[in-house]
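Take a look at the structure set out below.
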Amino acid sequence: MNRKKLQKVTDTLIKSCKHFNKYEVNCLITLFYNLVGDVAERPGVAIGLDRNAFRNILHVTFGMTDDMIMDRVFRGFDKDNDGSVSVSEWIYGLSLFLRGSLEEKMKYCFEVFDLNGDGFISKEEMFHMLKNSLLKQPSEEDPDEGIKDLVEITLKKMDQDHDGKLSFADYEKSVREETLLLEAFGPCLPDPKSQLEFEAQVFKDPHDFNDM
Ligand code: CA
Ligand code: CA
């Protein structure tokens with residue numbers, strides 16, 4: 001990207017991103033272009049992080065391990081759904097990741113957990129995600145039965161209007177009562193430790209970010 005165009009993008013991001021100051025936006029943009037590497041810009045093709053590159057960052061930098069959740073996080077960042085995280089999607093996504101309010105985080109997590117995007121977290125979706133995140137634990141005789149029980153328990157706790165699935169209203173009410181339920185179906189936000197390490201390193205010197 002030529003300097004003039006980059007300056008314009010940077011200025012827009014600084015103005016529109018309420019959680020980062022000018023210095024931080026600049027650091028994160030520098031990091032973005034370091035991560036993207038020397039990709040030649042082609043007309044009509046946006047420079048960005050593709051699914052694999054992005055998942056690698058989630059894994060190495062933010063300690064995520066769950067493939068299904070990482071895919072959903074990628075979708076959450078890739079707002080225009082073009083298969084790559086652009087520089088503005090990177091800044092907006094990280095602003096939520098690192099500084100988001102509870103409201104912003106609830107909206108984001110709900111979208112991650114609503115696997116088919118129909119506005120509800122169904123029993124099947126819960127089962128899918130819980131099974132996926134619990135597989136690492138020692139297996140019981142019939143793990144599916146245990147997970148089905150867990151789905152019922154979770155539903156009983158969170159399904160406020162008792163229609164057998166979670167709407168955003170159900171989810172929001174439950175999370176406000178018990179914040180731990182924010183990531184009820186799998187970790188999709190960075191844990192506090194990797195978040196602190198990331199910020200300490202990137203906001204000190206983004207050129208020096210060598211952990212990838
Ligand atoms: Ca995109
Ligand atoms: Ca759904």
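Order of appearance sets the numbers: ligands from 1, and atoms from 1 within every ligand.
Taking 4.0 Å as the cut-off between side-chain N and carboxylate O, R176 and E172 count as a salt-bridged pair. We find that E104 and K107 are not joined by a salt bridge, their nearest charged nitrogen and carboxylate oxygen being 4.0 Å or further apart.
One finds an angle of 150° at the Ca ion (ligand 1) between OE2 on E89 and OD1 on D82, to the nearest 10 degrees. Rounding to 10°, one obtains 130° for the angle at the Ca ion (ligand 2) between O (F120) and OE2 (E125). To the nearest 10 degrees, the angle centred on the Ca ion (ligand 2) between OD1 in N116 and OD1 in D118 reads 80°.
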Checking salt bridge (charged side-chain N to carboxylate O under 4.0 Å, His left out) for the pair D67/R55: CA distance, chi angles, key distance, verdict? CA-CA 8 Å; D67 284 336; R55 278 176 46 148; 2.8 Å; yes

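When distances from the Ca ion (ligand 1) to the N, O or S atoms of D80 are compared, OD1 comes out shortest. The N, O or S atom of D78 lying closest to the Ca ion (ligand 1) is OD1. The Ca ion (ligand 2) is closest to atom OD1 of D114 (considering only N, O or S atoms).
The OG1 atom of T154 lies 8.5 Å from the CG atom of L181; values are rounded to the nearest 0.5 Å. Here the straight-line distance linking atom OG of S101 with atom NZ of K18 works out to 6.0 Å at 0.5 Å rounding. A distance of 12.0 Å separates CD in Q201 from CD in E199, rounded to the nearest 0.5 Å.
Residue contact annotation: S84 places an N/O/S atom under 3.0 Å from the Ca ion (ligand 1). Under 3.0 Å from the Ca ion (ligand 2) lies no N/O/S atom of S122, from backbone or side chain alike.
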